[in-house]
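Keep in mind that what you see is a predicted model, and the values were worked out from it rather than measured. In what follows, every heavy atom counts, from backbone to side chain, and hydrogens, waters and symmetry copies are set aside.
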Amino acid sequence: METLLTDIEAFIARHGMAESTFGREALGDWRLIPELRGEGRARPRRLWPETENKVRAFMASYEIAKAA
């Protein structure tokens with residue numbers, strides 16, 4: 001999960017996107033990134049592989065749209 005969080009953090013830094021915007025656009029969950037870090041929780045949020053794939057697909061499609 002650390003790799004996904006690292007990839008997300010690099011993505012939002014590269015695009016100047018707010019964490020809440022990323023979570024809302026990727027999964028409809030504005031608390032996604034803080035929960036992946038474990039902020040306000042006993043332990044970090046875990047994602048099912050299918051959900052991780054959805055997040056990665058969002059990042060890839062966003063990159064393609066920005067390049068066009």
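The CG atom of L4 sits 4.0 Å away from atom CD1 of I8, with the distance rounded to the nearest 0.5 Å. R31 contributes atom CZ, which lies 9.5 Å from atom CD of E19 (distance to the nearest 0.5 angstrom). Atoms CD1 and CD1, on I33 and I12 in that order, are 4.0 Å from each other to the nearest 0.5 Å. In this structure, the separation between NZ on K66 and OG on S61 is 12.0 Å, given to the nearest 0.5 Å. The line from OH of Y62 to CE of M17 is 3.5 Å long, rounded to the nearest 0.5 Å. Distance check, rounded to the nearest 0.5 Å: CD of E25 to CG of L32 gives 12.5 Å.
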Derivation of the salt bridge (charged side-chain N to carboxylate O under 4.0 Å, His left out) call for R56 and E52: CA-CA 6 Å; R56 291 190 180 281; E52 179 176 348; 3.0 Å; yes
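At a threshold of 4.5 Å between non-hydrogen side-chain atoms, the residues R14 and M59 do not count as touching. Counting heavy atoms from C-beta on, the side chains of D29 and R45 come closer than 4.5 Å. Contact check for L36 versus L47: side-chain heavy atoms found under the 4.5 Å cut-off. Counting heavy atoms from C-beta on, the side chains of E63 and F11 come closer than 4.5 Å.
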